[in-house]
Amino acid sequence: MKAVIPAAGFGTRFLPATKSQPKEMLPVYDKPIIQYTIEEAVASGIDDILIITGRNKRSIEDHFDKSYELEQTLQKAGKDRVLKEVRKITDLVDVCYVRQKEQNGLGDAILQAENHIGDEQFAVLLGDTITKSKTPCTKQLIDVYSRFEKPTLSLKEISTDKLNKYGIVGGSQIEPNLYKINHLIEKPKIDEAPSNLAMVGRYILTPDIFDKIKETEPGVDGEVQLTDALTKLDEVYGVLFEGKTFNIATRFDWLKASIEFGLEDAERDELIQYMKTFID
Ligand code: UTP
């Protein structure tokens, strides 16, 4: 399966950090956010990735490109461990790029993938969202997609105060972790939300979504919303994601994710000791 990774947004909620560098390239602990996303795609069996980029996004292309000079320098210096890490990035998968000329929203970003995708189902992984789970989030969706062959999204239960920050769905629960969706609304007012189930940045879509996006008028924030295009589809499934998600929209999201991944490091105990110094 092919995957599309939208990464062309301005990242305005994370300014000034995102003024001259893409939000997707900010490191969470030891690697850029988008590298986690690509690693999830690869671990889910995806072998063809299209990143939607825009202005100021050259560093994304550089990061996944081979750097002969750097590799030679590391080799000469005998820095084998770092060399292996650097090579791993380019060896992950082949990545293609297409530019979204105007930042008209997530729906519009996905529309840029139409020629590359053609007539096949495809995965979408938001480039500013990291997931952490035993079975990769995208793989969980692919497994459900293979049963129904209909668009399938990942869902997470969120607290009421966050409902107006996400795309929210309503529908009927058909299995413990599976919903048939009949209502989607982008960033609803709290009293208009059909449930507390939020879409968390991973989708398997069918190519008919492209025509639906073309029929979609700009919605919330004046942007062409993927959520609005999804409402035009007949049958959509939602999978309650088993794992953690980190949508890195703000500096606080970023900080929490960095701590989470820092706690996986060999220096975990040192980090815990450091954090304890803030208590009392
Ligand atoms: P977000 O809305 O969370 O990111 O989009 P943003 O627009 O960059 O951030 P804010 O709202 O200004 O703070 C989710 C993902 O979709 C991409 C973003 O790069 C991000 O990875 N996106 C968003 C696009 O590719 N194009 C767009 O027009 C909008």
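Counting convention: from 1, in listed order, for ligands and their atoms alike.
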> Does the N or O separation between N247 and ligand 1 drop below 3.5 Å for any pair?
Replying inline: no

> With a cut-off of 4.0 Å, which atoms of ligand 1 are near a heavy atom of F10?
Replying inline: 8 (O)

> Under 4.0 Å from ligand 1, counting heavy atoms only, is it the side chain of E223, its backbone, both or neither?
Replying inline: neither

>> Name the residue from T12, T250, D128 that meets the side chain to side chain donor-acceptor pair (under 3.5 Å) definition with K23.
In response: D128

> In terms of ring plane angle, is the pair F14 and W254 parallel, tilted or perpendicular, where the classes change at 30° and 60°?
Replying inline: perpendicular

>> Quick check on contacts: which atoms of ligand 1 are under 4.0 angstrom from a heavy atom of N104?
In response: 28 (O)

>> Could you check whether any side-chain heavy atom of Y36 comes within less than 4.5 Å of a side-chain heavy atom of V28, counting everything from C-beta outward?
In response: yes

>> Among all protein heavy atoms in this structure, tell me which lies nearest to atom 23 (C) of ligand 1, with the distance rounded to 0.1 Å.
In response: G9 CA, 3.9 Å

> Q100 to ligand 1: N or O pair under 3.5 Å?
Replying inline: yes

>> For D108, which part has a heavy atom under 4.0 Å from ligand 1: side chain, backbone, both, or neither?
In response: neither

> Going by the atom numbers of ligand 1, which of them fall below 4.0 Å from some non-hydrogen atom of A109?
Replying inline: 24 (C), 25 (O), 26 (N)

> What protein heavy atom sits nearest atom 15 (C) of ligand 1, and how far off is it?
Replying inline: D128 OD1, 3.9 Å

>> For atom 12 (O) of ligand 1, what's the nearest protein heavy-atom neighbour? Residue, atom name and distance, please.
In response: T12 OG1, 2.5 Å

> Evaluating non-hydrogen atoms only, which member of G11, A8, G105, A7 is closest to atom 28 (O) of ligand 1?
Replying inline: G105

> In the protein, what heavy atom is nearest to atom 3 (O) of ligand 1, and what distance, to one decimal place, separates them?
Replying inline: R13 NH2, 3.0 Å

>> Does D265 form a side chain to side chain contact (heavy atoms under 4.5 Å, CB included) with F261? I'd like the steps, not just the answer.
In response: CA-CA 7 Å; D265 198 286; F261 287 93; over 6 Å; no

> Do any nitrogen or oxygen atoms of P6 come within less than 3.5 Å of a nitrogen or oxygen of ligand 1?
Replying inline: yes

>> Quick check: closest heavy atoms across A109 and P6, and the distance to 0.1 Å?
In response: CB-CB, 4.2 Å

> Nearest to atom 19 (O) of ligand 1, what protein heavy atom do you find, and at what distance?
Replying inline: E24 OE2, 2.6 Å

>> Under a 4.0 angstrom heavy-atom cut-off, which atoms of ligand 1 come close to Q103?
In response: 28 (O)

> What protein heavy atom is closest to atom 16 (O) of ligand 1, reported as residue, atom name and distance in Å?
Replying inline: L106 CD1, 3.7 Å

> Is there a side-chain hydrogen bond (donor to acceptor under 3.5 Å, both in side chains) between N247 and T129 once you walk through the steps?
Replying inline: CA-CA 4 Å; N247 171 235; T129 300; 3.1 Å; yes

>> If the condition is side-chain contact (heavy atoms from CB on, under 4.5 Å), which residues does R268 pass it with, not counting sequence neighbours?
In response: L263, I272

> Would K66 count as a cation-pi partner of Y68, with NZ or CZ less than 6.0 Å from the six-membered ring centre and within 45° of the ring normal?
Replying inline: yes

> Which protein non-hydrogen atom lies closest to atom 4 (O) of ligand 1, naming both residue and atom, and how far is it?
Replying inline: K23 NZ, 3.1 Å

>> One thing to verify: whether K165 and E186 come together as a salt bridge, which I'm taking to mean a side-chain N less than 4.0 angstrom from a carboxylate O.
In response: no

> Does the pair K214/D211 count as a salt bridge with the N-to-O cut at 4.0 Å?
Replying inline: yes

> Does the pair E85/K79 count as a salt bridge with the N-to-O cut at 4.0 Å?
Replying inline: no

